[in-house]
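Quick notes on the structure that follows.
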Amino acid sequence: MPWSPLAALSWALVLRLLALLRSPGLGEACTCAPAHPQQHVCHSALVIRAKISSEKVVPASEDPADTQKMIRYEIKQIKMFKGFDKAKDVQYVYTPFDSSLCGVKLETNSQKQYLLTGQILSDGKVFIHLCNYIEPWEDLSLVQRESLNHHYPQNCGCQIITCYAVPCTISAPNECLWTDWLLERKLYGYQAQHYVCMKHVDGICSWYRGHLRLRKEYVDIIQP
């Protein structure tokens with residue numbers, strides 16, 4: 001499983017790190033590198049399905065000089081897909097209060113369920129932000145839901161390369177080209193919703209939807 005530097009940090013230090021990483025040219029905006037849902041699952045320490053019971057603004061640390069705030073969401077965990085070795089039953093998740101630090105706004109006291117991906121910090125707290133994959137459960141496709149347990153985590157050895165313009169190329173046999181932005185001008189399009197980058201026995205990775213091969217327009221992208 002890929003190591004995340006967030007896992008070794010306290011949540012107060014994570015807030016400071018996010019502040020330092022924020023692009024000064026974009027003002028107060030939160031910016032994230034694009035990632036396919038499969039990449040999010042592979043790089044997250046925790047993947048769960050949950051409902052949000054309540055929220056509370058809490059200090060980011062016990063230091064009285066620290067003015068940073070966090071939102072603590074109380075959740076009802078429905079199912080855990082990843083993180084069994086680090087957490088059993090997650091009761092709270094934390095996110096920055098400041099939206100410019102990629103804080104996540106979730107609906108509380110509703111019937112809405114979420115897929116939450118995030119990191120587990122050194123103090124055991126679960127930390128989420130906008131650069132994680134956080135989606136209403138009802139918006140996930142059947143392929144995405146079924147892949148959370150098996151196809152995504154079993155194929156973390158594959159690398160997914162985002163394609164922004166033609167021609168796109170891959171440089172290694174374990175790479176798949178992600179073309180949603182090029183074809184649909186959005187990240188989580190048809191390919192993200194319905195395809196998994198899977199590794200064959202020969203070590204070559206390619207896109208699969210169940211037993212179906214990649215649609216022809218995706219194959220054409222890599223042939224300039």
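Values below: every heavy atom of this structure, side chains too, minus hydrogens, waters and symmetry copies. The chain is numbered in sequence order, starting from 1.
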Could you work out, with side chain to side chain contact (heavy atoms under 4.5 Å, CB included) as the rule, every residue matching Tyr164, not counting sequence neighbours? Pro34, Thr162, Trp181
Closest non-hydrogen atoms of Asn174 and Gly157, given as atom of the first, atom of the second and distance, are ND2-O, 3.1 Å
Does anything in residues 40-58 form a salt bridge (charged side-chain N to carboxylate O under 4.0 Å, His left out)? List the pairs, not counting sequence neighbours. Glu55-Lys105
In short, Arg145 meets Glu138 closest at the heavy-atom pair NH2-CA, 3.4 Å
Is the backbone N or O of Tyr94 less than 3.5 Å from a side-chain atom of Lys125, with the two atoms forming a donor-acceptor pair by type? no
Enter the distance from Cys176:SG to Ile161:CD1 here, rounded to the nearest 0.5 Å. 9.0 Å
By side chain to side chain contact (heavy atoms under 4.5 Å, CB included), Val57 pairs with (sequence neighbours left out) Lys69, Phe97
So, the side chain of Asn155 versus the backbone of His151: is there a donor-acceptor pair under 3.5 Å, distance only? yes
Measure centre to centre between the rings of His200 and Tyr208, then say whether the value is under 6.0 Å. yes
Assign the ring pair Tyr195 / Tyr190 to parallel, tilted or perpendicular, where the plane angle (0 to 90°) is split at 30° and 60°. tilted
Would you tell me whether Asp180 and Trp178 have side-chain atoms, one donor and one acceptor, within less than 3.5 Å of each other? yes
Between Lys76 and Gln91 (side chain of the first, backbone of the second, donor and acceptor by atom type, cut-off under 3.5 Å), is there such a pair? no
Are side-chain heavy atoms of Leu46 and Thr117 found at a separation under 4.5 Å? no
Start with the C-alpha distance between Gln191 and Leu183, add both sets of side-chain angles, then the distance that settles side-chain contact (heavy atoms from CB on, under 4.5 Å), and finish with yes or no. CA-CA 10 Å; Gln191 195 176 10; Leu183 298 178; 5.9 Å; no
Using the test side chain to side chain contact (heavy atoms under 4.5 Å, CB included), find all partners of Ser141 that sit at least two apart in sequence or belong to another chain. Val143, Gln144, Gln193, His194
Evaluate the criterion side-chain contact (heavy atoms from CB on, under 4.5 Å) for residue pair Val126 and Tyr92; output intermediate values, then yes/no. CA-CA 7 Å; Val126 176; Tyr92 299 106; over 6 Å; no
Please step through side-chain hydrogen bond (donor to acceptor under 3.5 Å, both in side chains) for the pair Gln38 and Ser147, ending with a clear verdict. CA-CA 8 Å; Gln38 179 173 335; Ser147 297; over 6 Å; no
Note, Ile160 side chain near Trp207 side chain (heavy atom, < 4.5 Å): yes
When you compare the side chain of Lys79 with that of Asn149, does any pair of heavy atoms fall below 4.5 Å? yes
Under a 3.5 Å distance rule, please check whether Gln113 uses its side chain to pair with a backbone N or O of Ile78 as donor and acceptor. no
If you round to the nearest 0.5 Å, how far is OG of Ser206 from CG of Leu177? 12.0 Å
Taking atom CZ of Arg209 and atom CG of Leu142, what is their separation to the nearest 0.5 Å? 8.5 Å
Pairwise distance CD(Gln68) to CE(Met70) - rounded to 0.5 angstrom: 9.0 Å
Considering all heavy atoms of both residues, which atom of Leu116 and which atom of Ala50 are nearest to each other, and what is their separation? CD1-CB, 4.2 Å
side-chain contact (heavy atoms from CB on, under 4.5 Å) for Val47 and Met80? Distances and angles first, verdict last. CA-CA 6 Å; Val47 181; Met80 179 177 289; over 6 Å; no
For Asp63 and Ser61, which I'm curious about, is there any donor-acceptor pair between the side chains at under 3.5 Å? no
For residues Phe84 and Ile75: do they belong to one hydrophobic cluster (side chain heavy atoms under 4.5 Å, members Ile, Leu, Val, Met, Phe, Trp, Tyr)? yes
Does the separation of the ring centres of Phe127 and His129 fall below 6.0 angstrom? yes
What is the distance from atom OG of Ser110 to atom CD1 of Ile52, rounded to the nearest 0.5 Å? 8.0 Å
Report the C-alpha distance between Leu106 and Ile128 in whole Å, list the side-chain angles of each, state the deciding distance to 0.1 Å, and finish with yes or no for side-chain contact (heavy atoms from CB on, under 4.5 Å). CA-CA 11 Å; Leu106 303 175; Ile128 63 173; 4.2 Å; yes
Tell me every residue that passes salt bridge (Lys or Arg N to Asp or Glu O under 4.0 Å) with Glu107, counting only those two or more places apart in sequence or in another chain. Lys112
Go through the structure and list residues passing ring-ring contact (aromatic ring centres under 6.0 Å, His included) with Tyr133, not counting sequence neighbours. His40, Tyr188
Heavy-atom pair of closest approach, residues Pro37 and Ala192: CD-CB, 3.9 Å
Applying disulfide (SG to SG under 2.5 Å), run through Cys131 and Cys30 and close with a yes or a no. CA-CA 9 Å; Cys131 296; Cys30 167; 4.5 Å; no
Closest heavy-atom contact between Gly103 and Thr95? CA-OG1, 3.4 Å
If you apply the rule disulfide (SG to SG under 2.5 Å), what do you find for Cys158 with Cys205, and how did you get there? CA-CA 6 Å; Cys158 294; Cys205 294; 2.1 Å; yes
Which heavy-atom pair separates Ser53 from Asn109 by the least distance, and what is that distance? O-OD1, 2.6 Å
